[in-house]
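So you know, we letter chains A, B, ... as the sequences are listed, proteins then strands, and number each from 1.
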Amino acid sequence: MAKILRKVLTLLVGNTEDLSYLKMPKRGALTGKKPTKRELLQKESEIGRELFGPIPKGHHREFFNLDANTWVWYEEYKDENGKLQTLTTRYEVQDKGILKAQGTSRYTYIEGDELANLLKAIRLYYERVMRNVYSRDPSSGQHLA
Amino acid sequence: MTENGTEFIDNVSHVDFHRANPEIDSAEVGRARIALAEVYETNATKEETMESVVLRYGEYLEMVRKIEMDDTEQVA
């Protein structure tokens, strides 16, 4: 059987001595290195920024999961005077609820529609990021075929 | 959506996640996650709050990142 296989390979590729080309590359070998956390977050945010509807012209938006209990919304745009406006909002998941933090002094626990919309967005984010950034099944964490 | 967030309860299970990703058991993060999985098993029959489900999504994402990323560079 081995002789037949070798013969077939010889017919196909001409060289059966060095079969290293058949060896599957290790994960990350094609790009040469593993991505950094920053690069992964950028990929995640490309999905996250689209979850809240169309982004107004001239606006720049990011939305991503920074760590296990922190979600970040960043919005940037130029006002009518051409001045750059930026707003960073952190949502921190706590036992008592989800704390919204803007700037250094504004902290509120979100509720109502804002809470419902954020939770829907987080669920969509999780499902899409797991599938499209990490190629994993959101339900099991297994790699997709 | 229900008040306690039951709409968000799905079949994302810590136990399944660990079975699918045994490699994380060997990492330091694995130990913490296993403890969390045990807590999840203990609480499996209890209703989860919205906050706990959202927290779980964040934890899974963080775990996957740690598996996939080059951890020699950290986000500032």
- request: Can you label the angle between the B:Tyr60 ring and the A:Tyr126 ring as parallel, tilted or perpendicular, going by 30° and 60°?
  value: tilted
message: Under a 4.0 Å threshold between the charged nitrogen and the carboxylate oxygen, would A:Lys37 count as salt-bridged to B:Glu68?
response: no
query: Passes side chain to side chain contact (heavy atoms under 4.5 Å, CB included), A:Met130 versus B:Leu61? Steps please.
result: CA-CA 8 Å; A:Met130 285 291 275; B:Leu61 288 166; 4.2 Å; yes
field: B:Val54 side chain reached by A:Trp71 side chain, heavy atoms, under 4.5 Å
entry: yes
- prompt: Do A:Arg136 and B:Ile67 have side chains that get closer than 4.5 Å, going by heavy atoms?
  reply: yes
May I ask whether [X] and [Y] are part of the same hydrophobic cluster, defined by side-chain heavy atoms of I, L, V, M, F, W, Y residues being less than 4.5 angstrom apart, directly or through others?
X	Y	value
A:Tyr125	A:Val72	yes
A:Tyr91	A:Tyr74	no
A:Leu99	A:Ile110	no
A:Leu115	A:Tyr109	no

query: Who among A:Thr70, A:Val129, A:Val93 has the most heavy-atom pairs with chain B under 4.5 Å?
result: A:Val93
field: Atom CZ of A:Arg90: over 12 foreign heavy atoms under 6.0 Å
entry: no
message: Heavy-atom count check: over 12 atoms from other residues, nucleotides or ligands less than 6.0 Å from A:Asp95 CG?
response: no
query: Hey, mind stepping through B:Arg65 and A:Glu44 against salt bridge (charged side-chain N to carboxylate O under 4.0 Å, His left out) and telling me if it holds?
result: CA-CA 11 Å; B:Arg65 276 186 215 118; A:Glu44 291 185 22; 2.8 Å; yes
task: Any chance you could measure A:Thr36, atom OG1, to B:Met69, atom CE, to the nearest 0.5 Å?
output: 8.5 Å
